[in-house]
Amino acid sequence: GAVVSQHPSRVICKSGTSVKIECRSLDFQATTMFWYRQFPKKSLMLMATSNEGSKATYEQGVEKDKFLINHASLTLSTLTVTSAHPEDSSFYICSARQPRRRGRDKNIQYFGAGTRLSVL
Amino acid sequence: AQTVTQSQPEMSVQEAETVTLSCTYDTSENNYYLFWYKQPPSRQMILVIRQEAYKQQNATENRFSVNFQKAAKSFSLKISDSQLGDTAMYFCAFMKGNSNFGNEKLTFGTGTRLTIIP
């Protein structure tokens, strides 16, 4: 299957600083990427849908100014947690969808390995 | 809005046995996709199997198969000859079908933690 790389895998930062997480599709072009947040022992909560060359679509309750998403190319989307606070500590996961219309990969989302953010 | 329900928070089974994880969903859509994803301790989400709603035949992938009951909105996962490496969190997920290939979102269930006992 397709490979999605997420970096960094773990980050510890001080309260008030900003943190950038990168999500790259390594062997395919992803017009659409998704950002999720996962609390301990919980399911994945979709934060936003990222489209190449346009503004991200945020889910209800997600602060746009807090979680900045940029999808500047067909292989890279970034999530920046601005002015991070301890309550932002979580596991963040990205996924990318291959824009194929037929075959086994149709409508499959491939996931990165996640980023564990700890805000002190 | 779609909802996905996994009623078994935890399950355990002896190695080599068969286990079935349940999933039900609610939707008014007629065209959609269903998925089972596995999240091992590494936290990497891995696609296990996918089912297209318009296909009556149940999907299979080696030791993994589904029992898709569209009328009952049920989508269970059967793991045969379970192995230690199957120990993971399993998430059932729903995606609306869209012929224009828009930004279809995945809606996840709450997950089932499966432990394979040696």
Practice item. Could you tell me which of A:G112, A:S95, A:G114 has the largest number of non-hydrogen atom pairs under 4.5 Å with chain B? Key: A:G112
Revision key, fill the gap. One option among A:Q38, A:E59, A:K42 has the most heavy-atom pairs under 4.5 Å with chain B, and it is A:Q38
Side chain, backbone, both or neither of [X] within contact of chain A (heavy atoms, under 4.5 Å):
X     : answer
B:Q6  : neither
B:F91 : side chain
B:M45 : both

Exercise for review: Check A:F28 against A:A96 and note the closest heavy-atom contact, atom names and distance.
Suggested key: CZ-CB, 3.7 Å
Review point. Going hydrophobic residue to hydrophobic residue with side-chain gaps under 4.5 angstrom, can you get from B:L84 over to B:I46?
Key: no
Review point. Taking the six-membered ring for Trp, are B:F94 and B:Y32 ring centroids under 6.0 Å apart?
Key: yes
Check your understanding: Can you say whether A:L44 sits under 4.5 Å from chain B via the side chain, the backbone, both, or neither, judging by heavy atoms?
Key -> both
Point to revise | Region of A:Q6 in contact with chain B, defined by heavy-atom distances below 4.5 Å | key: neither
Practice item. Mark yes or no for whether B:Q44, through its side chain, and A:F111, through its backbone, hold a donor-acceptor pair below 3.5 Å. Key: yes
Review point. Could you state the interatomic distance from CD (B:E15) to CD1 (B:I116), rounded to the nearest 0.5 Å?
Key: 8.5 Å
Review point. Take atom NZ in B:K70; do more than 12 heavy atoms of anything else shown fall under 6.0 Å from it?
Key: yes
